[in-house]
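All residue numbers refer to positions in the sequence shown, counting from 1.
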Amino acid sequence: MHGVEKIFQPDIFKNKVVFCTGGAGTICRGQVEALVALGANATIVGRNKEKTEKAAAEMSKIRHDAKVIGLSVDVRNYESLAAAVKTTVEQLGGIDILICGAAGNFLATIEQLSPNAFKTVMDIDVLGSFNTFKAASDELIKSKGQVIFVSATLHYRGVPYQGHVSAAKAAIDSLSQVIAIEYGPKGVRSNIIAPGPIAGTEGMDRLSPNQDATAKSVPVGRMGTISDIALSTVYLCSDAASFVNGAVVVVDGGSWHVTSTFVNYPEDVINPKVFKVAGTKKSKSSSKI
């Protein structure tokens with residue numbers, strides 16, 4: 001699964017338990033699948049009950065003895081997360097690896113953003129990450145475990161149409177640094193994986209309709225894959241990274257160093273485009289999201 005068996009020792013995560021928010025999504029699902037393939041059991045949570053349970057059932061087939069639970073949870077609700085953690089402990093025995101990957105994104109300039117739209121992304125990404133860690137922290141202390149936050153590289157440079165997401169990811173990066181310092185003495189490591197242009201993801205489909213051109217702009221000459229993120233996750237969760245704490249692992253082929261925008265600048269900022277948000281009616285150019 002994602003090539004991990006060819007690189008890492010089988011069963012290195014035997015008897016380990018993963019708890020992942022956004023686990024039915026593309027990138028986070030790949031992370032969990034890789035860990036399950038190498039011996040872990042897991043709980044994945046998401047807002048869409050049917051999608052999350054279906055993904056969990058499929059993941060449970062990765063290994064003959066794998067146990068994967070799918071739970072419907074809104075990460076903005078702490079009590080809901082606390083209940084999911086309790087279920088995980090009761091059914092799987094604890095939590096060793098926490099992955100905070102629930103996120104919200106759409107394309108809009110600050111001019112187009114309503115305060116509510118900005119708040120929604122901050123609530124899902126930042127409050128959701130805080131709630132998730134807070135709910136699972138006692139279990140991580142018991143297991144001397146670790147947390148991985150799935151971030152981005154957008155906030156390293158100004159990226160038009162991504163002010164809300166950039167602010168959220170910058171906050172998550174800061175949160176991880178504080179956790180690394182406050183919980184390191186308690187045996188808990190905190191690190192960040194920052195994916196770049198990853199093919200086959202909803203986010204990349206939105207940000208870069210012309211992915212051939214995007215691939216050519218990446219220094220290593222290709223788009224990233226979900227497996228690239230999965231392999232980095234396995235490394236950070238393994239004993240090989242036992243001294244890695246408070247780190248930001250950028251997995252982007254070097255692209256953030258050479259690209260900063262996916263729109264025609266400054267034309268698309270002076271006269272902003274309107275991008276349809278999935279599940280909403282098409283907006284007029286003057287409307288707020």
Side-chain angles (χ1 to χ4, degrees), residues 1-2 4 8 12-13 16-46 59 68 75 81 84-85 88 94-103 124-126 128-137 139-141 143-153 168-184 186-196 198 201 203 224 226-252:
M1 181 62 63
H2 299 289
V4 293
F8 295 94
I12 59 173
F13 297 117
K16 301 294 185 181
V17 176
V18 182
F19 186 99
C20 178
T21 62
T26 47
I27 286 179
C28 291
R29 176 168 179 163
Q31 291 176 293
V32 177
E33 286 177 341
L35 297 171
V36 170
L38 295 174
N41 293 318
T43 293
I44 61 171
V45 304
M59 289 185 200
V68 182
V75 296
L81 276 164
V85 167
T88 301
I95 296 174
D96 302 278
I97 299 166
L98 182 66
I99 300 176
C100 298
I124 295 172
D125 285 48
V126 185
S129 294
F130 173 84
N131 284 344
T132 302
F133 180 78
K134 189 75 171 178
S137 60
E139 293 302 320
L140 292 178
I141 292 171
S143 66
K144 305 297 183 184
Q146 62 197 284
V147 55
I148 292 176
F149 294 92
V150 181
S151 186
T153 62
K169 296 306 185 185
I172 289 172
D173 286 7
S174 295
L175 178 64
S176 178
Q177 305 305 319
V178 175
I179 290 172
I181 299 303
E182 292 186 350
Y183 284 81
K186 300 177 182 181
V188 177
R189 294 188 294 117
S190 178
N191 293 296
I192 293 162
I193 288 181
I198 306 299
T201 62
I226 294 171
S227 293
D228 289 322
I229 307 302
L231 289 165
S232 298
T233 302
V234 171
Y235 161 69
L236 282 177
C237 294
S238 73
D239 290 342
S242 63
F243 200 57
V244 179
N245 183 37
V248 178
V249 179
V250 178
V251 188
D252 76 337

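- Distance CG/D228 to CD1/I27: 10.5 Å, rounded to 0.5 Å.
- Without hydrogens or angle criteria, D96 side chain to G145 main chain gives no donor-acceptor distance under 3.5 Å.
- The CD atom of Q146 lies 8.0 Å from the OG atom of S238; values are rounded to the nearest 0.5 Å.
- Separating the SG atom in C100 from the CD1 atom in I179 is a distance of 7.5 Å, to the nearest 0.5 Å.
- Taking the side chain as every heavy atom from C-beta outward, C28 and V150 approach each other to under 4.5 Å.
- Nearest heavy atoms, T43 versus V45: CG2-CG1, 4.0 Å.
- Rounding to the nearest 0.5 angstrom, the gap separating the CD1 atom in I97 from the CZ atom in F13 is 5.0 Å.
- The shortest heavy-atom contact between A230 and G30 is CB-O, 3.5 Å.
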Would you please test I193 and Q31 for side chain to side chain contact (heavy atoms under 4.5 Å, CB included) and show each step? CA-CA 11 Å; I193 288 181; Q31 291 176 293; 4.0 Å; yes

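- In terms of modelled atom types and a separation under 3.5 Å, the side chain of N245 and the main chain of A180 share a donor-acceptor contact.
- Shown here for K144 and K186, the closest heavy-atom pair between the two residues is NZ-O, 3.3 Å.
- Between I12 and V234 there is a side-chain heavy-atom pair separated by less than 4.5 Å.
- Side-chain atoms of L35 and I99, non-hydrogen and from C-beta on, do get closer than 4.5 Å to each other.
- Partners of F133 under the ring-ring contact (aromatic ring centres under 6.0 Å, His included) rule, at least two apart in sequence or in another chain, are Y183.
- T21 places a side-chain N or O within donor-acceptor distance of the main-chain N or O of G101, the cut-off being under 3.5 Å.
- With contacts defined as side-chain heavy-atom distances shorter than 4.5 Å, the pair E182/V188 does not qualify.
- Between A40 and V18 the shortest heavy-atom distance is CB-CG2, 3.9 Å.
- Contact record, V32 with C20: CG2-CB, 3.6 Å, taken as the closest heavy-atom pair.
- Note: I44 CD1 to E33 CD = 9.0 Å, rounded to the nearest 0.5 Å.
- The backbone N or O of L236 lies less than 3.5 Å from a partner atom in the side chain of R189, making a donor-acceptor pair.
- Between the S176 side chain and the I172 main chain, no donor and acceptor come within less than 3.5 Å of each other.
- A 6.0 Å sphere centred on NZ of K169 holds more than 12 heavy atoms belonging to other residues, nucleotides or ligands.
- Expressed to the nearest 0.5 Å, how far CZ of F19 lies from OG1 of T88 amounts to 5.0 Å.
- With hydrogens and angles ignored, the 3.5 Å screen pairs a side-chain donor or acceptor of S143 with a backbone N or O of I95.
- Taking all atoms of both residues into account, the shortest heavy-atom contact from T132 to V75 is OG1-CG1, 4.3 Å.
- Remark: side-chain polar atoms of N41 are not paired, donor with acceptor, to backbone N or O of V68 under 3.5 angstrom.
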